[in-house]
*Asks:* 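So that we are looking at the same thing, I have put the structure below in structure tokens.
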Amino acid sequence: MSASTIKVTLPDGRELELEKGASLGDVARAIGPGLAKAAVAAEVDGRVVDLLHTLEHDARVRILTERDPEALPVLRHSAAHLLATAVRDLRPGAGIGFGPAIDEGFYYDFEVDEPFTPEDLEAFEKRMADFAAADDPFERRVVTREEARELFADDPLKLERLEEFDEDEVITVYRNGPFLDLCRGPHVPSTGRLKHFKLLNTAGAYWRGDEKRQMLQRIYGTAFFRKGDLEEHLRRLEEARKRDHRVLGKQLDLFSTDARVGPGLILWHPKGAIVRMEIENFERELILRHGYELVYTPHVVSETLFEISGHLENFRENMFGAMEVEGGRYRPKPMNCPGHIAIFQAQQRSYRDLPVRMAEFGTVYRYERSGVLHGMLRVRGFTQDDAHVFCTREQVSEEIERLLDLVDEMLAAFGYPYSIELATRPEKALGSPEEWEHAERTLAETLERRGLEYTVDEGGGAFYGPKLDFKLIDAIGRRWQGPTVQLDFNLPERFGLEYVGEDNERHRPVMLHRVLVGSMERFVGGLIEHYAGAFPVWLAPEQVRVLPISEQWTEDARAFTQTLVGAGIRATLDERDTLSYRIRDAEVHKVPYMAVIGEREAEAGTVAVRRRGAGRKQEVMERAAFVDRVLEEIRTKALDPA
RNA sequence: GCUGGCGUAGCUCAAUUGGCAGAGCAGCUGAUUUGUAAUCAGCAGGUUAUCGGUUCGAGUCCGAUCGCCAGCUCCA
């Protein structure tokens, strides 16, 4: 092979020989005209680049088309440029910030005097379509720092970014039509590739995410290769909106907030309280089976405790203010751990006592800035299903294993698949690197021993120890914060925790923090959305609604309701208006079972059972059999058939 | 906290350029007794979030406060 050629290896192992300096577009053309047309971008030695990128060395190359998931962020990033093109066209003075692709789409930040209106968005979207129709190529150019300074002389935000480049860093700019941006790329070949996009909303966003800097106006949008994908995405957004726990919470009378009570403080209505009670009962029974002991600690605690724990120092801005009582200062507790530690320390502990597993449904109060509050998902008062395990260093691995079982059993009951993340040592961390290394390895090895897949969140641990995060995946594919297991090198030290070992010496125990649901408020809020308000029977506030067909059968229906209630089933009798009206009402309130009793059922001692959402498909069965079925569903925590 | 938007009956929403606050559902009363997603009629329901201002006149315009929403920042 001559010095002026390079070797390109394709995913199928095939090798091509091309001129040095050939572009990825050339590679695609060399493979075939069909691929050349379909090509969107390319992956060179694992890095996504655009087709203009040239090859100077031998490389492994994969041409990316619409079908490759890696191509979507490229499209979206290009869509962000298209948006900026339109905004610059309609608002010539607009300053440009950053415009990256994000998980579900893209955004671009602008510095403008007048914030954008919904009408502006429509106008921008139309203008984007014009520039897309023009099919301008995305042109990449490497520039010197000086050139770049000149090109962006009128863009202070870009100039600021420019100053951050290292001396030897390659500075590239991209042009499409009239729009030039300082950008690393990659981009699709031309604006004509951008066919299916939508601008979604606008909001303020701080420049560089720094609240001390000026606020820019951000426009969010999304883009797809195929029309159907865009439609599907918009349909999902609509579906998510319909499942909104704040809307369903009101419709189903589960919870509310009240300005007089205070923002971020949840009022659990009777029906919401039943859902919570069922979860707590289930979990209480579960953890007792898993070797936990229940404790209770006070809601208002002397500041002394939080001075020792360090919360007053490190968590102060999240704590409610102090109240003075007889010269002492008290705070609503923001966390339960110090209380549990105090219980641990109430007696001398022997290695024979360990591990000590202490659990509490502990209500905590944290000051959250008003702008972040959100329904039940982000509040100022919430109840954690909190537990702390005090054990020896050697016991950590086994305790983690037990937790994995517990997590699995807990989440299975709600039908949540989950993924695991191992969060490791952050920049600012307490404890020695060796200690961290050991702890991280323990966690990783335990997961591996159980054959569990996990990803590593590098630097995502708390300053006081590494953790395992379990992410729930809900019915419409969204990820939620689930259980966490956190190792703590800090508190045992601060409180001087000790146990007496086999050697009659004092040792420092290891401490694990763990939650399963995290916060009852957030978890139930998430469950409402997961089930779209249609709780499985065991969680349903009302499990059976008994419907007599006419007044004649009311007494029989009342007796049957009593039978159900007597068996421990949450059943009510509805003897109002027409049967149709009551069926509708039960459906609207998502009651899982309707039990209809009329002449035929009264005579035969049966019941006509209609399942929520099943329409007219009903089943007539013996009453005792129905009671058994409902009890069985409750016992097994049966989920609705998908 | 910040930027923008919003706040009308229990709920969902109307109310020309500033000109008599309305409807459906829910509730109550009565009639109807119904076989699978809304029977009919009547009644009641409001200091238009709160406070102040402009105006002959404010749900509508202006200011402040409170709350909510979309984000930013932060997080269970």
Side-chain angles (χ1 to χ4, degrees), chain A residues 107 109 112 114-118 120 200-220 241 244 246-247 250-251 253 256-264 315 317-318 334-336 362-386 462 469 480-484 486 513 515-523 525-526 547-554 575-589 594-601 608-618 620:
Chain A
Y107 67 77
D109 287 341
V112 285
E114 291 290 308
F116 302 125
T117 64
D120 289 333
L200 295 170
N201 56 331
T202 162
Y206 298 107
W207 169 234
R208 313 307 297 265
D210 182 346
E211 62 187 272
K212 293 185 193 70
R213 308 294 300 269
Q214 72 268 43
M215 185 158 275
L216 309 179
Q217 293 300 314
R218 175 170 297 179
I219 296 175
Y220 284 93
R241 205 186 54 76
D244 191 317
R246 294 165 301 185
V247 175
K250 194 176 275 182
Q251 274 167 17
D253 195 18
S256 65
T257 55
D258 184 324
R260 297 169 304 175
V261 175
F315 205 68
E317 65 278 15
N318 282 298
M335 291 188 187
N336 301 301
T363 304
V364 297
Y365 293 90
R366 299 184 188 171
Y367 164 70
E368 298 285 354
R369 302 208 286 180
S370 59
V372 307
L373 301 175
H374 182 90
M376 296 181 106
L377 302 183
R378 191 71 189 277
V379 294
R380 286 184 176 156
F382 57 99
T383 301
Q384 292 183 303
D385 60 334
D386 208 357
D469 266 325
W480 298 76
Q481 178 61 48
T484 62
Q486 171 89 56
H513 307 251
V515 293
L516 298 181
V517 306
S519 128
M520 293 307 304
E521 282 74 7
R522 180 176 285 183
F523 189 75
L547 308 173
I549 279 173
S550 74
E551 223 167 53
Q552 257 179 298
W553 321 111
T554 301
E575 48 179 324
R576 300 173 300 167
D577 299 12
T578 58
L579 182 63
S580 285
Y581 172 84
R582 287 173 287 154
I583 297 262
R584 178 184 155 78
D585 191 72
E587 290 282 0
V588 166
H589 289 94
M594 284 150 270
V596 179
I597 293 179
E599 185 175 7
R600 296 196 293 268
E601 291 76 19
V609 176
R610 178 175 162 138
R611 179 82 207 198
R612 168 181 64 200
R616 281 165 173 261
K617 206 173 62 186
Q618 66 168 359
V620 178

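Quick note on labels: first sequence line is chain A, next is B, and so on, each numbered from 1. On a predicted model such as this, the values are computed, not experimentally measured, just so you know.
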*Asks:* Quickly work out the A:I597 CD1 to B:rU34 P distance and round it to whole Å.
*Replies:*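 Spelled out: CD1 on A:I597 to P on B:rU34 is 17 Å.
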*Asks:* Could you tell me which non-hydrogen atom of A:G598 sits nearest to which non-hydrogen atom of A:W553, and how far apart they are?
*Replies:*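 So the two residues come closest at CA-CD1, 3.7 Å.
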*Asks:* Starting from the C-alpha separation in whole Å, work towards a yes-or-no answer on side-chain contact (heavy atoms from CB on, under 4.5 Å) for A:M594 and A:Q618.
*Replies:* CA-CA 10 Å; A:M594 284 150 270; A:Q618 66 168 359; over 6 Å; no
*Asks:* Tell me which nucleotide, if any, is Watson-Crick or G-U wobble paired with B:rA38 when both distances must be under 3.5 Å.
*Replies:*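 B:rA38 is paired with nothing.
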*Asks:* Would you kindly check whether a donor in the side chain of A:R208 faces an acceptor in the base of B:rC72, or vice versa, at under 3.5 angstrom?
*Replies:*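 Such a pair does not exist between side chain and base.
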*Asks:* Under 4.0 angstrom, heavy atoms only, what part of the nucleic acid is A:E601 near: base, sugar-phosphate, or nothing?
*Replies:*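 Contact class for A:E601: base.
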*Asks:* Could you tell me whether A:F523 contacts a base, only the sugar-phosphate backbone, or nothing, with contacts defined as non-hydrogen atoms closer than 4.0 Å?
*Replies:*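 The answer is nothing, as A:F523 stays clear of every strand by at least 4.0 Å.
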*Asks:* Ignoring hydrogens and angles, tell me if any N or O in the side chain of A:R522 forms a donor-acceptor pair with the backbone of A:L377 under 3.5 Å.
*Replies:*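 Pair found, side chain donor or acceptor close to backbone of A:L377.
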*Asks:* Would you mind pulling out the nucleotide paired to B:rU54, Watson-Crick or G-U wobble, both distances under 3.5 Å?
*Replies:*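 Pairing partner: none.
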*Asks:* Indicate, with a heavy-atom threshold strictly under 4.0 Å, whether A:S580 touches base, sugar-phosphate, or nothing.
*Replies:*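 Sugar-phosphate, backbone atoms only, no base.
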*Asks:* Between A:R208 and A:D210, is the salt bridge (charged side-chain N to carboxylate O under 4.0 Å, His left out) condition met? List the steps.
*Replies:* CA-CA 5 Å; A:R208 313 307 297 265; A:D210 182 346; over 6 Å; no
*Asks:* Between B:rG1, B:rA76, B:rG27, which one does the side chain of A:S519 approach most closely?
*Replies:*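 Nearest listed nucleotide: B:rA76.
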*Asks:* Just call it for A:V372: base, sugar-phosphate, or nothing, with non-hydrogen atoms closer than 4.0 Å on any strand.
*Replies:*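 It contacts base atoms.
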*Asks:* For the pair made of NE2 in A:H513 and P in B:rA76, what is the distance, rounded to whole Å?
*Replies:*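 So the NE2-P distance, A:H513 to B:rA76, works out to 12 Å.
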*Asks:* Assuming nearest nucleotide by heavy-atom distance, tell me which of A:R584 and A:E575 is located more 5' along RNA chain B.
*Replies:*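 The residue whose closest nucleotide sits nearer the 5' end is A:E575.
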*Asks:* Select base, sugar-phosphate, or nothing to describe what A:Q251 touches, counting heavy atoms under 4.0 Å on all strands.
*Replies:*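 Nothing: the residue A:Q251, judged by heavy atoms under 4.0 Å, touches no strand.
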*Asks:* Which nucleotide in the list B:rA76, B:rU73, B:rU36 gets nearest to the side chain of A:R610?
*Replies:*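 Comparing B:rA76, B:rU73, B:rU36 against the side chain of A:R610, the answer is B:rU36.
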*Asks:* For the C1' atoms, the ones on B:rC11 and on B:rG46, what distance do you get once it is rounded to whole angstrom?
*Replies:*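 Rounded to whole Å, the distance is 15 Å.
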*Asks:* If you restrict it to nitrogen or oxygen atoms, what contacts under 3.5 Å exist between nucleotides 42-48 of chain B and the protein, and what is each distance?
*Replies:*
none

*Asks:* By the 4.0 Å heavy-atom rule, please label A:A586 as base, sugar-phosphate, or nothing.
*Replies:*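 Nothing: the residue A:A586, judged by heavy atoms under 4.0 Å, touches no strand.
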*Asks:* Quick check for you: among B:rA76, B:rG71, B:rA26, whose closest atom lies nearest to any side-chain atom of A:F382?
*Replies:*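 Given the options B:rA76, B:rG71, B:rA26, the side chain of A:F382 is closest to B:rA76.
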*Asks:* Taking the nucleotide of RNA chain B with the nearest heavy atom to each, does A:E368 or A:E587 sit closer to the 5' end?
*Replies:*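 The answer here is A:E587.
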*Asks:* Select one nucleotide: of B:rU33, B:rU73, B:rU36, the one nearest the side-chain heavy atoms of A:S550.
*Replies:*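 From the listed options, B:rU33 comes nearest.
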*Asks:* How far, in whole Å, is B:rC62 from B:rG19 if one measures between their P atoms?
*Replies:*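 Rounded to whole Å, the distance is 15 Å.
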*Asks:* Could you give the OH-to-C1' distance, from A:Y206 to B:rG4, as a whole number of Å?
*Replies:*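 Rounding to the nearest Å, OH of A:Y206 and C1' of B:rG4 are 12 Å apart.
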*Asks:* Could you tell me how far B:rA58 sits from B:rU12 if I compare only their P atoms? Round to whole Å.
*Replies:*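 Their P atoms lie roughly 28 Å apart.
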*Asks:* Would you indicate what A:R369 reaches in the nucleic acid, counting non-hydrogen atoms under 4.0 angstrom: base, sugar-phosphate, or nothing?
*Replies:*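 Counting heavy atoms under 4.0 Å across all strands, the contact made by A:R369 includes a base.
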*Asks:* Step by step, would you call A:F382 with A:M376 a side-chain contact (heavy atoms from CB on, under 4.5 Å)?
*Replies:* CA-CA 9 Å; A:F382 57 99; A:M376 296 181 106; over 6 Å; no
*Asks:* What interatomic distance, in whole Å, is found between P of B:rC20 and the corresponding atom of B:rC51?
*Replies:*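 Each nucleotide's P atom is 22 Å from the other's.
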*Asks:* Can you tell me how far P of B:rC75 sits from OH of A:Y367, to the nearest Å?
*Replies:*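 Rounded to whole Å, this separation is 14 Å.
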*Asks:* So what does A:R576 hit on the nucleic acid, given a heavy-atom distance under 4.0 Å: a base, only sugar-phosphate, or nothing?
*Replies:*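 Result for A:R576 = sugar-phosphate.
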*Asks:* Taking CZ from A:R378 and C1' from B:rU73, how many angstroms apart are they, rounded to a whole number?
*Replies:*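 Going from A:R378 (CZ) to B:rU73 (C1'), I get 10 Å.
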*Asks:* Need one value for A:G598: base, sugar-phosphate or nothing, where a base atom within 4.0 Å counts as base even if backbone is also close, heavy atoms only.
*Replies:*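 Base contact.
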*Asks:* Taking the side chain of A:A259 as its heavy atoms from C-beta onward, which of B:rU73, B:rG67, B:rU3 lies nearest to it?
*Replies:*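 Within the option list, the nearest is B:rG67.
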*Asks:* Please pick, from B:rU33, B:rU39, B:rC72, the nucleotide with the shortest atom-to-atom distance to any side-chain atom of A:E551.
*Replies:*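 Nearest nucleotide to the side chain: B:rU33.
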*Asks:* Between B:rG4, B:rA38, B:rG35, spot the one nearest the side chain of A:L579, thanks.
*Replies:*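 Taking heavy atoms from C-beta onward, the closest nucleotide is B:rG35.
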*Asks:* Taking pairing as Watson-Crick or G-U wobble with both contacts under 3.5 Å, can you name the mate of B:rU8, or confirm there isn't one?
*Replies:*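 The base-pairing partner of B:rU8, which may sit in any strand shown, does not exist here.
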*Asks:* Quick one: A:L216 CG to B:rU73 C1', roughly how many Å, whole number?
*Replies:*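 Taking atom C1' of B:rU73 as the reference, CG of A:L216 is at 14 Å.
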*Asks:* Counting C-beta onward and ignoring hydrogens, is there a side-chain heavy-atom pair between A:R600 and A:V620 closer than 4.5 Å?
*Replies:*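 The answer is no, as the side chains (C-beta and beyond) never meet within the 4.5 Å cut-off.
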*Asks:* What's A:N201 touching, base or sugar-phosphate or nothing? Going by heavy atoms closer than 4.0 Å.
*Replies:*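 Sugar-phosphate, no base atom in range.
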*Asks:* Could you work out the separation of B:rU8 and B:rU39 based on their C1' atoms and round it to a whole Å?
*Replies:*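 That atom pair is separated by 31 Å.
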*Asks:* Where the side chain of A:Q384 is concerned, which of B:rU3, B:rA76, B:rC68 is the nearest nucleotide?
*Replies:*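 Nearest nucleotide to the side chain: B:rA76.
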*Asks:* Please pick, from B:rU36, B:rU73, B:rC2, the nucleotide with the shortest atom-to-atom distance to any side-chain atom of A:Q618.
*Replies:*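 From the listed options, B:rU36 comes nearest.
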*Asks:* Which whole number of Å gives the distance between the C1' atom of B:rU17 and that of B:rG57?
*Replies:*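 These two C1' atoms come out 15 Å apart once rounded.
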*Asks:* Give the nucleotide from the list B:rA70, B:rA76, B:rC72 with an atom nearest to the side chain of A:A203.
*Replies:*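 That would be B:rA70.
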*Asks:* For A:K250 and B:rU12, give me the distance from atom NZ to atom C1', rounded to whole Å.
*Replies:*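 One finds 10 Å between C1' of B:rU12 and NZ of A:K250, rounded.
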*Asks:* Work out how far the C1' atom of B:rC74 is from that of B:rG22, and round it to whole angstrom.
*Replies:*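 Looking at atom C1' only, B:rC74 and B:rG22 are 44 Å apart.
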*Asks:* Any strand is fair game: report the nucleotide pairing with B:rC43 by Watson-Crick or G-U wobble, both distances under 3.5 Å, or none.
*Replies:*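 Paired with B:rC43, as far as the under-3.5 Å criterion goes, is B:rG27.
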*Asks:* Just how far, in rounded Å, is P of B:rA76 from CE of A:M376?
*Replies:*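 A:M376 atom CE is separated from B:rA76 atom P by 18 Å.
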*Asks:* Scan A:R582 against the nucleic acid and name what it touches under 4.0 Å (heavy atoms): base, sugar-phosphate only, or nothing.
*Replies:*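 No contact.
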*Asks:* Do A:I549 and A:E599 have side-chain heavy atoms sitting under 4.5 Å apart?
*Replies:*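 The answer is no, as the side chains (C-beta and beyond) never meet within the 4.5 Å cut-off.
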*Asks:* Watson-Crick or G-U wobble partner for B:rU65, using a 3.5 Å limit on both distances?
*Replies:*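 Answer to the pairing question: B:rA49, which forms a Watson-Crick or G-U pair with B:rU65.
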*Asks:* Heavy atoms only: give me the nearest A:L547-A:I583 pair and the separation to one decimal.
*Replies:*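 Closest pair (atom of A:L547, atom of A:I583, distance): CD1-CD1, 4.0 Å.
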*Asks:* Using modelled atom types only, decide if a donor and an acceptor are shared between the side chain of A:E521 and the backbone of A:R378 within a distance under 3.5 Å.
*Replies:*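 A pair under 3.5 Å: no.
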*Asks:* Between A:E368 and A:N318, which heavy-atom pair has the shortest distance, and what is it?
*Replies:*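 In terms of heavy atoms, the two residues are closest at OE1-OD1, 4.4 Å.
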*Asks:* Can you tell me how far C1' in B:rU48 sits from the matching atom in B:rG10, rounded to whole Å?
*Replies:*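 Their C1' atoms lie roughly 16 Å apart.
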*Asks:* Does any nucleotide pair with B:rU73 by Watson-Crick or G-U wobble geometry, both distances under 3.5 Å, and what is it?
*Replies:*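 The base-pairing partner of B:rU73, which may sit in any strand shown, does not exist here.
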*Asks:* Looking only at atom types and distance, does a side-chain atom of A:R582 sit under 3.5 Å from a main-chain N or O of A:P548, one as donor and one as acceptor?
*Replies:*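 Confirmed, A:R582 side chain pairs with A:P548 backbone.
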*Asks:* Okay, side chain of A:Q251, backbone of A:H589: is any donor-acceptor separation there less than 3.5 Å?
*Replies:*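 Absent.
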*Asks:* Looking at every strand, decide which applies to A:V379 at a 4.0 Å heavy-atom threshold: base, sugar-phosphate, or nothing.
*Replies:*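 Base contact - A:V379 has a heavy atom under 4.0 Å of at least one base atom.
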